[in-house]
Amino acid sequence: RSGARTGDDIYVTGTLGDASIGLQILNGEVGDGVATADLEKLKWRFLCPTARVLAGLALTADHLVPAMIDISDGLLQDLTHICEASKVGARVDAEKLPLSSEYEAVMGRGERATALVGGENCELLFCAAPENHARIQKIAGVGECSITRVGKVVPAHKGILVNHDNQTLPARHFKGFDHFARQPK
């Protein structure tokens, strides 16, 4: 987690938010009026997540990635872990987040908050130098998953920012899951 440097690109594997929506479907919170096949795929992403082992091994074998973490607590929460360990900040472009068609069927095309904070994705979040972009895209084929550039590492004093709906907002604006927070009864 501690190897990210200012100027690095920020990447994610796969699609984001699907597992979080799958849990919401299982809890009966969302999904009315959505095709059953879409709902089943999202539930499956929560119940049986795909670990990105091949992609992770390929990325680390070539020493392309100085900082990586799995997205278990949500993109912004886990990005915070990398930023704190590396003593850097980050800028994420919400419009670049990879979303599945099932996600958009349930949440709508413009909704990005769930992809920013939803956990249990089992996708990888990593940073790499811009000159390694072409090599990283080749690894997507080996790792059998998409790899999307979603942001940039910036100096620590800028914090963690999200470009969303033509606004730049601090990451704390988006509330993610906190394992240690008191849960409602």
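FYI, the numbering just counts along the sequence from 1.
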As a quick check of understanding, evaluate side chain to side chain contact (heavy atoms under 4.5 Å, CB included) for Phe126 and Leu59, giving each step before the final call. CA-CA 9 Å; Phe126 61 94; Leu59 289 163; 3.6 Å; yes
Of all heavy-atom pairs between [X] and [Y], which one has the smallest distance, and what is that distance?
X	Y	value
Asp73	His81	OD2-NE2, 4.1 Å
Ala19	Gly119	CB-O, 3.8 Å
Val150	Pro98	CG1-CD, 4.0 Å
Gly14	Arg52	CA-NH2, 4.0 Å
Ile136	Ala128	CD1-CB, 3.3 Å
Ile10	Ala90	CD1-CB, 3.7 Å

Please assess Val162 against Arg112 for the test side chain to side chain contact (heavy atoms under 4.5 Å, CB included), listing each intermediate value before the final yes or no. CA-CA 11 Å; Val162 178; Arg112 298 284 190 276; over 6 Å; no
Compare all side-chain heavy atoms of [X] with those of [Y] and state whether any distance is below 4.5 angstrom.
X	Y	result
Ser100	Leu42	yes
Leu64	Ile139	yes
Tyr103	Thr114	yes
Met68	Tyr11	no

Are Asp9 and Lys152 close enough for a salt bridge, meaning some N to O gap below 4.0 Å?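 Between Lys152 and Asp9 there is a salt bridge, with a charged N closer than 4.0 Å to a carboxylate O.
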How long is the gap from [atom1] on [X] to [atom2] on [Y], to the nearest 0.5 Å?
X	Y	atom1	atom2	result
Arg149	Gln137	CZ	CD	7.5 Å
Leu125	Leu75	CG	CG	5.5 Å
Leu99	Leu16	CG	CG	7.0 Å
Ser86	Arg5	OG	CZ	6.0 Å
Thr13	Leu54	OG1	CG	11.5 Å
Leu23	Leu47	CG	CG	9.0 Å

Decide side chain to side chain contact (heavy atoms under 4.5 Å, CB included) for Asn163 and Arg91; before the verdict, give the C-alpha distance in whole Å, the side-chain angles of both, and the deciding distance to 0.1 Å. CA-CA 7 Å; Asn163 294 334; Arg91 183 178 290 259; 3.1 Å; yes
Distance-only, no hydrogens or angles: does the Asn121 side chain make a donor-acceptor pair with backbone N or O of Gly17 under 3.5 Å? yes
Assigning hydrophobic clusters by single linkage (Ile, Leu, Val, Met, Phe, Trp, Tyr; side-chain heavy-atom cutoff under 4.5 Å), is [X] placed with [Y]?
X	Y	answer
Trp44	Val106	no
Met107	Leu39	yes
Leu79	Leu97	yes

Show the numbers, then the answer: is there a side chain to side chain contact (heavy atoms under 4.5 Å, CB included) between Glu40 and Lys43? CA-CA 5 Å; Glu40 291 302 314; Lys43 286 192 280 188; 2.9 Å; yes
How about CG on Asp32, more than 12 heavy atoms from neighbouring residues, nucleotides or ligands closer than 6.0 Å, or not?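 Not buried by this count: 12 neighbours or fewer within 6.0 Å.
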Residue among Ile147, Asp78, Leu124, Ile71 satisfying side-chain contact (heavy atoms from CB on, under 4.5 Å) with Val12: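 Only one of Ile147, Asp78, Leu124, Ile71 forms a side-chain contact (heavy atoms from CB on, under 4.5 Å) with Val12, namely Ile71.
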